[in-house]
Amino acid sequence: MQLYIDGEFYSREDAKISPFDHGFLYGDGVFEGIRAYSGRVFRLSEHLDRLYDSAKTIDLQIPLSKEEMTEAILETCRKNNLKDAYIRPLVSRGVGDLGLDPRKCEKPTVVVFAVEWGAMYGDLYEKGLKAISVSIRRNPAESLPPNVKSLNYLNNILAKIEANYKGGDEAIFFDTNGYVSEGSGDNIFVVKNGSISTPPTINNLRGITRLVGIEIANELGINISERNMGYYDLYSADEVFVTGTAAEIAPITLIDGRVIGNGKPGAITRQMMEKFKIVVQNEGTP
Ligand code: PLP
């Protein structure tokens with residue numbers, strides 16, 4: 001495995017980051033998760049836009065242009081001979097003395113690596129995932145919006161831990177107003193009476209797969225809209241599914257012990273999953 005660090009490639013054994021990197025010390029940095037399908041990188045420019053917007057929000061200047069970052073990502077895939085991959089670019093504030101002040105860091109650290117990747121949830125695409133709504137809440141008044149894909153994912157990790165303890169495959173966040181926010185690593189969609197709803201993105205990550213989901217629903221002629229939803233909407237849904245780069249489109253068939261629909265992935269979810277497979281195979285940056 002060859003990893004890109006600040007313009008050079010290193011083997012997994014030789015790849016080193018300083019313990020004084022503020023990404024490690026304080027979670028000060030941003031990242032992306034991107035997929036390649038059949039040797040083509042899916043929605044690369046959208047992921048790069050989000051990476052640079054995340055960086056801008058935390059006042060971090062990425063030392064590469066988007067074109068240079070594109071090349072670093074494509075070269076990482078080529079060097080590792082990867083066709084179906086999960087690609088992880090990260091940019092941290094860089095190495096500096098102790099103390100939160102970003103001015104202590106001379107230059108950001110840029111890392112890109114990629115691993116072979118198949119279907120994340122295995123047979124759960126057929127069976128459906130069990131989801132747990134977690135006690136940790138998204139707070140719209142919090143300073144760091146969830147649309148920043150920052151190196152500090154502790155809220156999401158706490159959500160995952162709670163879901164794990166309660167026997168769930170995925171966690172569902174609510175916000176402090178009681179509205180459905182998102183999963184620990186994916187966005188949420190609810191199907192009721194043939195129409196799909198998804199929460200607005202003020203309080204969750206603006207998922208790129210979420211947008212693909214909306215496009216697919218439109219292409220299939222299924223009514224889709226953004227709206228705030230509560231527990232009632234989830235528990236009484238006909239179908240629920242999540243979208244994410246890693247998860248793709250995955251059905252949820254049990255939430256907090258409530259069986260969703262008939263307990264099997266529903267017809268609309270299946271249609272969306274099928275179409276998604278076609279979309280990812282038919283586009284991308286070679
Ligand atoms: N929500 C969170 C918290 C995530 O980490 C992710 C994964 O990137 C998503 C949603 C889904 O976003 P995307 O479809 O861009 O991968």
Could I get the full list of ring pair (Phe, Tyr, Trp, His ring centres under 6.0 Å) partners for [X], not counting sequence neighbours?
{"X": "Tyr153", "answer": "Phe31"}
{"X": "Phe276", "answer": "none"}
{"X": "Phe174", "answer": "Tyr231"}

Considering only NZ, NE, NH1 and NH2 on the basic side and carboxylate oxygens on the acidic side, decide whether [X] and [Y] come within less than 4.0 Å.
{"X": "Arg78", "Y": "Glu71", "answer": "yes"}
{"X": "Glu274", "Y": "Arg270", "answer": "no"}
{"X": "Glu248", "Y": "Lys277", "answer": "no"}

Are more than 12 heavy atoms, taken from residues, nucleotides or ligands other than [X], located less than 6.0 Å from that residue's [atom1] atom?
{"X": "Glu219", "atom1": "CD", "result": "yes"}
{"X": "Lys264", "atom1": "NZ", "result": "no"}
{"X": "Ile202", "atom1": "CD1", "result": "no"}

Which residue, Thr209, Val212, Ile87, forms the side chain to side chain contact (heavy atoms under 4.5 Å, CB included) with Phe42?
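Per the side chain to side chain contact (heavy atoms under 4.5 Å, CB included) rule, the option paired with Phe42 is Val212, out of Thr209, Val212, Ile87.
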
For the student: nearest non-hydrogen atoms of Ile172 and Ala131, plus distance
CD1-CB, 3.7 Å

Which atoms form the tightest heavy-atom contact between Leu151 and Gly27, and what is the distance?
CB-O, 3.6 Å

Evaluation steps, side chain to side chain donor-acceptor pair (under 3.5 Å), between Glu170 and Ser184:
CA-CA 7 Å; Glu170 177 54 312; Ser184 73; 2.7 Å; yes

Heavy-atom distance under 4.5 Å between the side chains of Met69 and Val110, does that happen here?
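Result yes, sub-4.5 Å side-chain heavy-atom pair found.
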
Just say parallel, tilted or perpendicular for the rings of Phe241 and Phe189, cut-offs at 30° and 60°.
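If you compare the ring of Phe241 with that of Phe189, the planes turn out parallel.
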
Verify side chain to side chain donor-acceptor pair (under 3.5 Å) between Asp256 and Ser133, making sure each step is shown before the conclusion.
CA-CA 7 Å; Asp256 300 337; Ser133 62; 2.6 Å; yes

